[in-house]
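Computed over heavy atoms, backbone and side chain alike; hydrogens, waters and symmetry mates excluded. Letters A, B, ... mirror the listed sequences (proteins, then strands); counts begin at 1. Because the structure is a prediction, the values reported are computed rather than measured.
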Amino acid sequence: MSASADPLLRVEGLRTWFPIKQGLFQRTTGHVQAVTDVAFEVAAGSTLALVGESGCGKTTAGRSILRLTPAQAGRVLFDGVDLMALDEAALRPYRREIQIIFQDPMASLNPRMRVRDSVAEGMRSFDIGADEAERTRRVEELFKRVQLDPAHIWRYPHEFSGGQRQRICIARALAVEPRLIVCDEAVSALDVSIQAQILNLLGDLQKELGIAYLFITHDLGVVRYLADRVAVMYLGRIVESGSTERIFADPQHPYTRALLAAAPSVDPDRRGGAPPVLGDVPSPSDPPPGCPFHPRCPEVLERCRTEAPPEVALAEGRVRCFLAESAGTAAGGD
Amino acid sequence: MSPLLEVEGLTTCFPGTRGPLPIVDGTHLSMERGEVLALVGESGCGKSMTALSLMRLVPKPGRIEAGRVLLDGRDLLELRVTEMRAVRGSRMAMIFQEPMTSLNPVVRVGEQVVEAIRLHEPVSRAQARERCLELFAEVGIPDPQARLDVYPHQLSGGLKQRVMIAMALSTRPDLLIADEPTTALDVTIQAQIVRLLQELQRSRGMSILLITHDLGIVNELSDRVAVMYAGRIVETGSRVDIFRHATHPYTRGLLRSNPVLAAPGERLPEIAGVVPSPEDWSPGCRFASRCRHCFEPCEAEVPGATPVGEGHGVACHAVAQGRLEGDAE
């Protein structure tokens, strides 16, 4: 849990802003501040959940780590190597180490390619397997591993159900033996009964193969169930991070508290919790000054409107909030 | 007093390769005045098609083949098209998952609500606008006066859903059908809309038929629950019956496989297999192929509803024959 050994992935000061271009000369008139000063760590074989509502920048953060979306600043250390500093050729081996699974498997599988070829494509490009026959055998094994019928490897994506297609995407990610898989809302589109099957599969794979997950999601039920650690994002910034147990038992940031309180209860004896937090998420192209959550915060202080709150180290985890700062000082600091 | 809504043997078919497929198959539902009934199920179970059938808005080539939909004792399926249109405007209203698809993107939102009001009531534009303003305030739209004259794209998802709710309420319906009203919204906005629906239901004494796949929303909003699987209702009961004493193997599986109720690190109890496509439905219980309790009659005969408690019914052969009791495994 402590930072004694180097984590598998360490992200520092990540910033990804998209320019807004307007007018005849396409001048840059502002920026969509998708990700600002984001830092987190993923230990080998563990799961970090990056949680937040739509537009909070969690997907952009995931894509920036893979350099699918260029970041303007920050370091992405994988095994201690800064991926941001590498050229395409030097980056290539890391493309094998880090894989990604998306929400919509139909959109990430080529509809005109047999699924065997989709799964084998990565193997071919990284020279895994001596020849096509061996790769076919490996695809069959991977199909068994993700509990699909190996007889179906020559079918097309449309011949599978949504849950089965997500299994194919998992098989494709596994084909190149990654150490980290970024799961971007990978179970969000699935029905509960199918979601349970995929969550169990991801859990089994982690136990057996020691794969780490960066799990990007808005679903707190899934987070509580599978994550070791949680980072909560709001308007491009991580507002709180810590162990899953601590975040759910003792959330410190008012936004984390609002998010947890807003999740509907499935306990028939307990419903209609705290009144929901008011208002909408502001636009990331024009974030409010000071703390980005201050316009909706039920505990807002005067300084929150103008000053950006500092990051405060808690006994467990970190939080960006003036309230925690004063509490931390009162308790004698971290 | 008779129930507000009684649905008997409602069957809606779509053409399949081997004849019509009953996507909604012999559905029975009953709703009291002021009650919130949740119709729960996974995608493709027929819950939305049930709602559209009640409104007589089944898209072609679908057709309502059988059944009765009694609103205050009057069978809606017998009404002429013009009569049905009047019912839709006044007694029943519906809101959908994606408000953007139901709002005209090039007409100001206030204008759209004014239009809806004037379609059903002989009031002047000014009166209708005044009513619209009251409705916007009632559904918690901040600064309602200014919001009358904006276009849908200028509103957030939560505000668009509030506009849709205002429009649905404009004709003072007795029954609001809400089809996944919060599914497209973020968690904090979802909580706001759930709270709003609760308040409106209480203040107006309105009935709500809530269509959803989300058990959390069911628990927060409903009084009674009907669980649907592959076109049929498999279990009905009070909210507490369903969450505490779920009896149908599918309902139990649905609750157990929810990660919210599971202990971290423990394997989630899965429901094996996938929902069969309508072309592959068995002549008996449609859950039979995935059910651990399946025995001889399940594949062959449609199970009838067995009462297992006051207002709690289960369509399962194993339950009917006492093979599966109360909370036993």
Practice task
Specify which of Gly157(B), Ser277(B), Gly44(B), Gly273(B) makes the most heavy-atom pairs with chain A at under 4.5 Å.
Solution key: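 Answer, by heavy-atom pair count under 4.5 Å with chain A: Gly273(B).
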Handout entry: Interface residue of largest heavy-atom contact number with chain A, from Val275(B), Ile217(B), Ile189(B), Asp186(B), under 4.5 Å
Key = Asp186(B)
Between [X] and [Y], what is the shortest heavy-atom contact and its length?
X         : Y         : answer
Ser161(A) : Val274(B) : OG-CG1, 4.0 Å
Glu270(B) : Asn200(A) : OE2-ND2, 2.9 Å
Arg271(A) : Ser222(B) : NH1-O, 3.0 Å
Ser265(A) : Glu220(B) : N-OE2, 2.9 Å

Tell me, for [X] versus chain B, whether the close heavy atoms (under 4.5 Å) come from the side chain, the backbone, both or neither.
X         : value
Arg296(A) : side chain
Asp204(A) : side chain
Leu259(A) : both

Contacting region of [X] [heavy-atom separation from chain A under 4.5 Å]:
X         : result
Ser238(B) : neither
Arg195(B) : side chain
Leu255(B) : neither
Val194(B) : neither

Can you measure from [atom1] ([X]) to [atom2] ([Y]) and round to the nearest 0.5 angstrom?
X         : Y         : atom1 : atom2 : result
Leu278(A) : Thr188(B) : CG    : OG1   : 10.0 Å
Asp269(A) : Phe243(B) : CG    : CZ    : 11.5 Å
Leu185(B) : Asp280(A) : CG    : CG    : 9.5 Å
Ile271(B) : Gln197(A) : CD1   : CD    : 8.5 Å

Exercise for the section: Indicate yes or no for a side-chain donor-acceptor contact from Arg224(A) to the backbone of Ala263(B) under 3.5 Å, with no hydrogens or angles considered. Expected result: no
Practice task
Taking Gln192(B) for its side chain and Gly279(A) for its backbone only, find out whether a donor-acceptor pair lies under 3.5 Å.
Solution key: yes
Most contacts with chain B, counted as non-hydrogen pairs under 4.5 angstrom, among [options]:
options                                    : answer
Ala258(A), Gly203(A), Gly163(A), Ala196(A) : Ala196(A)
Asp267(A), Leu199(A), Val277(A), Leu220(A) : Asp267(A)
Pro264(A), Ala227(A), Ala261(A)            : Pro264(A)

Practice task
Give a yes or no on this: more than 12 heavy atoms of other residues, nucleotides or ligands lie within 6.0 Å of atom CD of Glu208(A).
Solution key: yes
Handout entry: Flag if over 12 foreign heavy atoms under 6.0 Å of CD, Glu245(A)
Key = no
Problem - Residue pair Ser257(B) / Gln195(A), side-chain heavy-atom distance below 4.5 Å - result: no
Handout entry: Tyr225(A) and Val260(B), any side-chain heavy atoms less than 4.5 Å apart
Key = no
Practice task
Mind jotting down which residue pairs meet the side-chain hydrogen bond (donor to acceptor under 3.5 Å, both in side chains) criterion with at least one end in residues 39-48 of chain B? Sequence neighbours excluded, please.
Solution key: Asp191(A)-Ser43(B), Ser193(A)-Glu42(B), Glu42(B)-Tyr250(B), Ser48(B)-Asp179(B)
Problem - Pairs satisfying salt bridge (Lys or Arg N to Asp or Glu O under 4.0 Å), at least one member in residues 197-215 of chain B, at least two apart - result: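 Only Glu138(B)-Arg204(B) qualify under salt bridge (Lys or Arg N to Asp or Glu O under 4.0 Å).
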